[in-house]
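First the structure, in the form of structure tokens, and then the observations on it.
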Amino acid sequence: MFSLLKASLKTNFARKETYIFLAFSLFPLMIILVSLFKTNFMQLSATKGSMDCITFFEAMTYSQFQLTLPLIVIIYLVATSVHDEIKEGIVYIYKDISRDKVINSKILSLLLIYALYVGLTFVFSVITYYVNIIRMPYASKTFLPTTTSNLVYALFTIIAVVLTVILIIVLSVALATKFNNGVTILVSVIFTLVNFITPQLQSIKYIFQISYANFYEKMGSVNALLIMLVLFAIYAFVFSYLAHYWFKRVEY
């Protein structure tokens, strides 16, 4: 399994899409760049002394999620790394290896790339906060929020975004094993957009974990977290099952 994972990572890091995706982790540094110019672009605002480092990281994480472009890039990376290898017959070299291990290595390698992306975003957020944001009147000059409620909200938002992106990646892998790149990207983007709008819809807002970052206070943080994790587990199981089911039926 480790050798398969290593090979999958090596292949993915040979693709330019991986580096384009990771480049979006530089997003927080743009705050420093735009501060050199007199512009309203990417200008932050908050109550005086309210923004700590973790809250800034949460804002950057959610902003990247709403930007959509990083998601489109990683969906395309998934499509090329899975479907193109099937189409071009590259996966034939794995014909004597368990298909479960092959598809698991591909999923895990993509999730590790996303983990690297989150880690880099955190590092660049910390750099930006202590280089630029800390001088602003709305900065609290602390690493953690000064109140428990603010800390819980920041963590809920970060967790919700990370879990949602993981689901998008696994869904994209499943689709890429059966459909062409266009269908994979289209369906995955639609799933992403549905996650954007469901928190605003009263009738279906409870079906995705991203919504619980907005109203965890009503049901209690522990209950909301458990529901988030259960929903994530259900979707992850279904998408993973489809990925394995369809990949086992690929002819190579």
Side-chain angles (χ1 to χ4, degrees), residues 4-30 60-94 99 102-121 124 160-197 208 210 232 235-236 238-247 249-250 252:
L4 282 174
L5 176 60
K6 185 178 179 180
S8 185
L9 280 171
K10 183 178 180 180
T11 301
N12 284 332
F13 274 103
R15 302 178 186 275
K16 63 180 181 297
E17 294 88 357
T18 299
Y19 295 97
I20 294 173
F21 173 65
L22 292 177
F24 281 101
S25 66
L26 295 168
F27 183 73
L29 296 181
M30 290 185 65
M60 291 296 98
T61 300
Y62 195 71
S63 295
Q64 288 172 322
F65 181 68
Q66 289 185 312
L67 189 61
T68 309
L69 285 175
L71 294 175
I72 293 175
V73 174
I74 196 168
I75 291 169
Y76 183 72
L77 171 62
V78 172
T80 56
S81 65
V82 178
H83 181 75
D84 286 3
E85 287 193 7
I86 294 173
K87 182 180 178 180
E88 296 168 7
I90 297 175
V91 291
Y92 182 75
I93 63 176
Y94 303 122
R99 295 199 178 193
V102 173
I103 197 65
N104 284 338
S105 67
K106 291 187 175 298
I107 293 173
L108 186 55
S109 68
L110 291 162
L111 293 180
L112 287 175
I113 290 173
Y114 176 59
L116 176 60
Y117 170 83
V118 174
L120 289 173
T121 299
F124 293 135
V161 169
V162 169
L163 294 182
T164 301
V165 176
I166 290 174
L167 290 181
I168 292 170
I169 292 172
V170 179
L171 172 62
S172 300
V173 171
L175 293 169
T177 62
K178 187 174 179 64
F179 303 102
N180 60 39
N181 293 352
V183 173
T184 297
I185 294 170
L186 177 62
V187 175
S188 297
V189 169
I190 290 174
F191 178 77
T192 302
L193 295 177
V194 169
N195 274 273
F196 285 158
I197 64 174
F208 291 114
I210 191 73
F232 169 76
Y235 285 114
V238 172
F239 296 159
S240 179
Y241 174 81
L242 290 175
H244 285 78
Y245 180 82
W246 285 334
F247 189 69
R249 281 152 184 75
V250 171
Y252 61 79

Margin query: Within the 4.5 Å heavy-atom criterion, are Leu112 and Leu5 side-chain neighbours or not?
Written below: yes
Notebook entry, point to check: Are side-chain heavy atoms of Leu193 and Ile197 found at a separation under 4.5 Å?
Noted result: no
Next item on the list: Step through the shown structure and confirm whether more than 12 heavy atoms of other residues, nucleotides or ligands are within 6.0 Å of CZ on Phe239.
Entry: yes
Notebook entry, point to check: Could you state the interatomic distance from OG (Ser188) to CG (Leu171), rounded to the nearest 0.5 Å?
Noted result: 4.5 Å
Check: Just how far is it from atom CD1 of Ile74 to atom CG of Leu22, taken to the nearest 0.5 Å?
Finding: 8.5 Å
Check: So which heavy atom on Thr18 is nearest to which on Asn12, and how close?
Finding: OG1-O, 2.5 Å
Next item on the list: To the nearest 0.5 angstrom, please state how far the OG1 atom of Thr164 sits from the CD1 atom of Ile169.
Entry: 11.0 Å
Margin query: Around atom CZ of Phe196, are there more than 12 heavy atoms from other residues, nucleotides or ligands closer than 6.0 Å?
Written below: yes
Checklist line | Distance (rounded to the nearest 0.5 Å) between Leu116 CG and Ser25 OG | finding: 7.5 Å
Item checked: Atom pair CG/CD of Leu71 and Gln66 - distance to nearest 0.5 Å -> 11.0 Å
Checklist line | Any side-chain heavy-atom pair of Met30 and Leu26 under 4.5 Å | finding: no
Next item on the list: Answer yes or no: is there a side-chain heavy-atom contact under 4.5 Å between Phe27 and Thr121?
Entry: no
Item checked: Pair listing, side chain to side chain donor-acceptor pair (under 3.5 Å) test, anchored in residues 176-186, at least two apart -> Asp84-Asn181
Notebook entry, point to check: Minimum heavy-atom separation for Ala243 to Ile107, with atom names?
Noted result: CB-CD1, 4.5 Å
Note to self: Run Asn104 and His244 through side chain to side chain contact (heavy atoms under 4.5 Å, CB included) and show every step you take.
What the structure shows: CA-CA 8 Å; Asn104 284 338; His244 285 78; 2.7 Å; yes
Next item on the list: Could you tell me whether the side chain of Tyr76 reaches within less than 4.5 Å of the side chain of Ile20, counting heavy atoms only?
Entry: no
Checklist line | 4.5 Å side-chain heavy-atom contact, Lys106 and Val173 | finding: no
Check: Short question: side chain of Ser172, backbone of Ile75 - any donor-acceptor pair under 3.5 Å?
Finding: no
Note to self: Looking at Leu77, is its backbone amide N or carbonyl O close enough to the side chain of Arg15 to form a donor-acceptor pair, meaning the two atoms are under 3.5 Å apart?
What the structure shows: no
Next item on the list: Mind checking the CG-CZ spacing from Leu69 to Phe24? Nearest 0.5 Å is all I need.
Entry: 5.0 Å
Check: Between Tyr117 and Phe21, is the gap from one ring center to the other below 6.0 Å?
Finding: yes
Next item on the list: Write down the atom of Leu9, the atom of Ser109, and the distance for their closest heavy-atom approach.
Entry: CD2-O, 3.6 Å
Note to self: In this structure, is the centre-to-centre distance between the rings of Phe208 and Tyr235 below 6.0 Å?
What the structure shows: yes
Next item on the list: Look at atom CZ of Phe13 and say whether more than 12 heavy atoms of other residues, nucleotides or ligands are closer to it than 6.0 Å.
Entry: yes
